[in-house]
Number of protein chains: 2
Amino acid sequence: MHRPDPFDAKCPTRQVLDRIGDRWAVLILISLEQRTMRFNELRRRIEAISQKMLSQTLKSLERDGLVNRKVFATVPVTVEYSLTPLGRTLSQTVHALTLWAETHIGEVAQAQQRYDQGEAAPETATTPPR
Amino acid sequence: MHRPDPFDAKCPTRQVLDRIGDRWAVLILISLEQRTMRFNELRRRIEAISQKMLSQTLKSLERDGLVNRKVFATVPVTVEYSLTPLGRTLSQTVHALTLWAETHIGEVAQAQQRYDQGEAAPETATTPPR
DNA sequence: CAGGATCCGAGTCGATACTG
DNA sequence: CAGTATCGACTCGGATCCTG
């Protein structure tokens with residue numbers, strides 16, 4: 001077995017990372033973690049998302065085996081989206097990330113303020129490295 | 001205390017999520033988790049990154065209080081980048097994500113294959129939802 | 001060595017209109 | 001209801017050139 005190297009652009013691990021990078025994908029995962037939803041339900045839930053991005057993102061999530069798409073032949077047609085078991089494991093991992101965000105957002109905000117103010121006071125460190 | 005809602009575009013939690021979305025930021029965090037590095041060291045480590053993206057991403061990471069920037073008045077000048085304690089906690093969380101990727105990348109790849117082949121065989125589910 | 005400044009093409013995203 | 005198709009605005013990021 002070769003160990004995956006996210007620094008190699010060809011590494012599939014990188015592709016997964018890129019998926020996480022998709023903000024819409026993350027929001028969809030979080031939504032579906034709570035319960036199965038229909039297309040327009042998701043649309044209302046996420047609010048800012050355009051219908052194009054929603055259908056597009058759902059499609060790629062389905063392709064990755066993270067989301068189930070179930071069509072019911074009602075009139076008009078009904079489509080239910082839910083997490084697959086695989087998708088559930090991912091959404092839990094992502095949850096750890098949102099937890100970090102909620103916990104440390106204050107520190108980040110403070111750091112930003114300090115940085116933005118202190119632009120006039122450039123620390124002149126002078127000690128040589130070695 | 002209001003609880004942060006990542007579905008609200010104005011929520012700071014969302015901003016953190018967006019940072020994670022940045023592939024370069026993630027790669028830099030991972031790199032610096034291993035050890036302190038200089039600018040061109042990082043450049044070589046990450047390979048595909050352009051110098052523009054590197055300096056740009058480093059700057060925002062520094063602003064967020066995730067990365068330390070230390071300048072030494074040598075000739076020519078030396079700059080060392082390292083993780084802050086805060087940055088270290090984040091990189092560990094991110095690590096959980098890369099772990100998921102390495103673990104499940106196979107399942108994702110299989111799902112993609114199935115999806116790409118089965119495009120001619122659209123499952124006609126007919127059972128009404130409720 | 002560590003960056004800043006500029007130019008510019010490719011891709012992304014939203015808005016809009018239409019369909020089964 | 002659950003999408004697809006098209007188009008244009010905008011952004012991102014790479015390439016290139018330059019500096020202290």
### Message
Taking B:His95's backbone N and O only, do any of them form a donor-acceptor pair with B:Thr98's side chain (distance below 3.5 Å, no angle check)?
### Response
yes
### Summary
Terminal axes of the helix from C:dC1-D:dG20 to C:dG20-D:dC1 (5 end pairs apiece), angle rounded to 10 degrees, sit apart by 50°
### Query
Is the backbone of A:Leu83 close enough, under 3.5 Å, to the side chain of A:Arg88 for a donor and an acceptor to pair up by distance?
yes
### Sidechain N-carboxylate O distance under 4.0 Å for A:Glu80, A:Arg35
no
### Message
Measure CE/A:Met37 against P/D:dA2 and give the value in whole Å, please.
### Response
11 Å
### Query
With distance as the sole test, does B:Gln56 use its side chain to make a donor-acceptor pair with the main-chain N or O of B:Met53 at under 3.5 Å?
no
### Query
Backbone N or O of A:Thr89 within a donor-acceptor pair of the A:Thr93 side chain at under 3.5 Å?
yes
### Message
One character per nucleotide, please: for nucleotides 1-16 of chain C, 5' to 3', B when the base has a protein heavy atom closer than 4.0 Å, S when only the sugar-phosphate does, - otherwise.
### Response
SSBB--------BBBB
### Query
Given the rule in the side-chain hydrogen bond (donor to acceptor under 3.5 Å, both in side chains) test, do B:Arg63 and A:Gln113 qualify, once you have shown the distances and angles that lead to the verdict?
CA-CA 8 Å; B:Arg63 189 175 108 96; A:Gln113 282 195 340; over 6 Å; no
### Query
Quick one: do the B:Gln112 and A:Asp64 side chains pair a donor with an acceptor below 3.5 Å?
yes
### Task
Measure the shortest side-chain to side-chain distance between B:Tyr81 and B:Leu58 over non-hydrogen atoms and say whether it is less than 4.5 angstrom.
yes
